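Per chain, numbering begins at 1; letters A, B, ... match sequence-line order. Only a predicted model underlies this, so the values are computations on that prediction, with no experimental measurement involved.
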Amino acid sequence: MTPRPLLAVERVATHFPVKRGGWLRRRVETLKAVDGVSFAILPGETFGIVGESGSGKSTLARTILRVYRPTAGRIRFDGLDITELDETALGPVRRNMQMVFQDTKSSLNPRLRVEQILDEPLVTHGLPRGRRRVVELLEMVGLGDSHVERYPHQLSGGQRQRIGIARVLALNPRLIVADEPVSALDVSIQAQILNLLKSLQSRLGLTIVLIAHDIGVVGYFCQRVAVMYLGRMVEAGPGRHVTRSPSHPYTQALISAIPKAEPGVRRSRILLTGEIPSPINPPTGCPFHTRCPVKLGAICERERPPRYRTVDGGWAACHALNDRPVVAEAQEE
Amino acid sequence: MLSTPISTASEPLLDVRGLKTWIPTRRGEVRAVDGIDLRVHAGEVIGLVGESGCGKTLAAYSVLGLLPPPARVIAGEIRFRGDDLCRRSAEERRRLRGSAMAMIFQEPLSALNPVFPIGSQVGDILRRHSTLSARQVKVRVLELLDHVGIASPGHVARAYPFQLSGGMRQRVLIAMAISCSPQLLIADEPTTALDATVQAQILDLLQRLVEQAGIAMILISHDLAVVAEMCRRVYVMYAGRIVEHSEVAAVFARPRHPYTSALLRCMPALKQDDSPLETIEGVVPALTEPEPGCRFRPRCRYAVTLCSDQDPAATELGGGRLAACHRATELGLPGTPTAVGADA
C-alpha cells in the first residue's frame with residue numbers, strides 16, 4: 001500500500017478576472033494562471049516545480065497554501081479537503097504549511113528586530129515563546145545570539161533568507177513551500193541556503209515544495225520535478241531523469257537553453273521562436289503547440305494531450321509520445 | 001581556435017592598466033575597483049565574472065566614462081585604440097560613446113525612456129552620431145530592429161517600452177548598441193533578468209552579431225556557464241581586484257585561485273551527485289579599509305600566514321595565465337567535473 005500523500009492537488013485551476021478596454025467597451029476576460037494541475041506529494045518528499053515567468057508556478061504555490069481559493073479542483077492536506085475552508089478553519093492547517101519567499105527585503109518587516117520577527121508566528125499560533133526559543137531557531141539556520149537584536153537591513157541577503165526560513169521553522173510545519181528562495185542571491189550564497197534547506201529537510205523530515213525557474217537548482221535539490229508551461233504541468237518525474245533526459249519538447253528546449261559550462265563546446269541549442277503566449281487567451285489543445293518544434297498537426301491544436309508514461313513513475317503530456325501507456329491524472333476516490 | 005596563445009602581437013583595442021575607481025563616503029573611500037588590468041583585442045569576446053559588489057559594473061562604467069558621482073577614477077590608464085581616455089574631455093568621451101563603444105544594460109526597462117516610443121529612442125543615437133536625414137533614420141531604425149530578430153519592426157517602433165516583453169526590450173537595447181557599428185560592446189549581465197529560453201535566444205543573437213560585425217565584447221556576468229559558452233578568455237573579479245585570468249577552458253579544468261575553484265563548485269547545475277554543494281563561507285569584505293593581505297583570505301580554506309601579511313600580486317603562470325594567490329602554483333585546485341579541454 002502506498003502511504004497517504006501529505007498534499008494532493010487534483011485538477012486545480014486558478015483564474016483571475018481581468019478588466020480590458022476603456023470605459024465604453026469594457027469587457028472582463030479570464031486570465032488562466034493555473035489551468036488544471038494535479039499532483040501528489042508524499043511525506044518527507046522534496047518536490048520541485050520549474051517554469052518560466054508566466055507559467056503560473058507562483059500562483060500554484062499560493063493556491064496550494066490557500067492564499068487564493070481555486071476556481072476549480074480539490075486540494076487535500078493530509079487527507080483533509082481544504083479547498084473550501086474559511087479563514088478560521090484554515091488557521092490550524094496553516095501552521096502546518098508555511099511559505100519561504102523570494103524577496104527577503106519585502107517579506108521581512110523592516111521595523112522589527114530579528115527577535116520580534118521570529119516571535120510573531122509564535123504569538124499568532126499561541127506557541128511557547130521566549131528568547132531561548134528564538135536563539136534555538138537562529139541556531140537551526142546557522143545564525144546565533146549576535147543576530148537577535150538586528151534589523152533586516154543590517155543583515156546580508158543570505159542572512160535575511162536564513163531568518164525567513166527560521167520564521168517558518170518556528171511553527172514546526174510539515175510542509176514548506178519555497179518560492180524562488182535563492183534566485184535573488186549570489187551563487188556562493190545560493191549554495192549555502194540550498195545546503196541548509198537540504199540538511200533541515202533530512203533532519204526534521206520536512207516535506208518541501210521548491211519552486212524555481214532554474215532547473216539546475218531544482219534538479220539538484222528535488223527527488224521529483226514537475227515542469228509548468230502556461231498554467232499546466234507538461235512533464236513530471238524523478239529529478240535526475242527530467243533534468244538529464246527530458247521527454248516533453250518544452251522541457252527539452254528549457255534544458256538545452258541552459259548554458260552548460262563546458263568551455264569550447266558549442267552545443268546545438270533548441271531555440272524556441274517567439275515568446276510564451278498570453279494566459280488570457282491561451283492556445284487550445286496543447287499549450288505549447290504554437291512554439292513546438294515537433295508539432296504533429298491538428299491534433300496538437302485541438303486536443304489536450306493526456307499524460308503518457310515515461311520512466312520511474314514519470315509522465316509527459318505530449319501527443320508525440322502516444323505509443324506509450326496513459327497515466328491517470330488524478331486518483332479517483 | 002582555442003589553441004592559439006592568448007597574447008596577440010597587435011596592440012589591444014582596449015588596454016586598462018592599474019585602474020582604480022574609488023567612491024568617497026562618510027566612512028572613508030570605498031575601493032570598489034582597486035587596481036585592475038584588463039585587455040581586449042579587436043573582435044574578441046571576453047568575460048568579466050564576479051559576484052555582486054565585486055566592482056565589475058563600476059569597472060565597465062569607468063571605461064565608458066559613465067561613473068555615477070561621487071565615484072571617480074583615481075589612478076590608472078584606460079587606453080582605447082592607443083589613446084588614454086582618462087585624459088579626454090567629457091565631450092570627447094561622449095562622442096565615443098554610442099559610436100565607438102556601446103553598452104547593453106541588465107535592466108532593459110530602466111535603460112529605456114518610458115515616455116518615448118521605441119523607434120524614436122533608437123533613432124536618437126543615429127541622429128546624434130550620423131549624418132543621416134530624418135527619412136534615412138526611419139528606414140535604418142526599421143532595419144536595425146529587423147536585424148535583432150524583431151518580427152514586426154514597424155509595430156515595435158511605434159510601441160512604448162512597457163508594451164514589450166523583457167526579451168523584446170533587450171533586443172531593442174542591442175539594436176541601439178550596434179546602431180553605429182561600435183568596435184567595443186560592453187554587455188552588463190544582459191540576460192540575468194530573462195527566462196532561460198529567452199536568455200538562450202539573446203545570447204545566440206549577441207554571439208551572431210558580434211561575430212558578423214567583428215565587434216569586441218566584454219561580457220559581464222555572475223554566471224560562469226554563460227561566460228563559458230560565449231567567451232574565450234575570462235577575468236575573475238573579487239572585492240575590487242582581478243584574482244584570475246585565463247582561457248575559459250583552462251579556468252574550468254584547473255582553476256588556479258581558490259575563489260574561482262569554489263565559485264565553480266557551488267553551481268548546482270554542474271553537480272553529478274547528491275553531495276552537499278560547495279559553499280564559500282562568510283561574506284565579501286567591506287571595501288572601505290581592506291585589511292592587509294589577500295582579500296579572499298577570511299573565506300579561503302587554503303590560507304596560510306603569508307596570506308594575511310602580504311597582498312598577493314597577480315603572478316604570471318605561463319600561457320597568459322594570471323592568478324593573484326600566494327599558493328597558485330602549489331595548490332592542485334579542483335575545477336568542474338564535466339570540464340573538457342586540456343589541463344593547463
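B:Y259 has its side chain out of reach of A:S188: every pair of non-hydrogen atoms, C-beta onward, lies at least 4.5 Å apart. Within the 4.5 Å cutoff, the side chain of A:Q190 has heavy atoms near those of the A:V187 side chain. For the pair B:I242/B:L322, no side-chain contact is recorded, criterion being any heavy-atom separation below 4.5 Å from C-beta on.
Proximity to chain A involves both the backbone and the side chain of B:E51, based on heavy atoms less than 4.5 angstrom apart. Contact annotation for A:L254: both backbone and side-chain heavy atoms come within less than 4.5 Å of a heavy atom of chain B. Heavy atoms of A:L272 lying under 4.5 Å from chain B belong to its backbone as well as its side chain. With a threshold of 4.5 angstrom between heavy atoms, B:I280 approaches chain A through its backbone and through its side chain. Interface residue B:M168: backbone and side-chain heavy atoms are both found under 4.5 Å from chain A.
When each of B:H222, B:Q201, B:M230 is checked for heavy-atom pairs under 4.5 Å with chain A, B:Q201 comes out on top. If you tally non-hydrogen atom pairs under 4.5 Å between each of A:N195, A:L185, A:I189 and chain B, the highest count goes to A:N195.
Nearest heavy atom pair, residue A:C222 against residue A:T46, reads CA-OG1, 3.5 Å.
Side chain to side chain, A:E180 and A:S183 meet the donor-acceptor criterion of an N or O pair below 3.5 Å.
Cation-pi geometry between A:K32 and A:F16 is not satisfied (NZ or CZ under 6.0 Å from the ring centre, within 45° of the ring normal).
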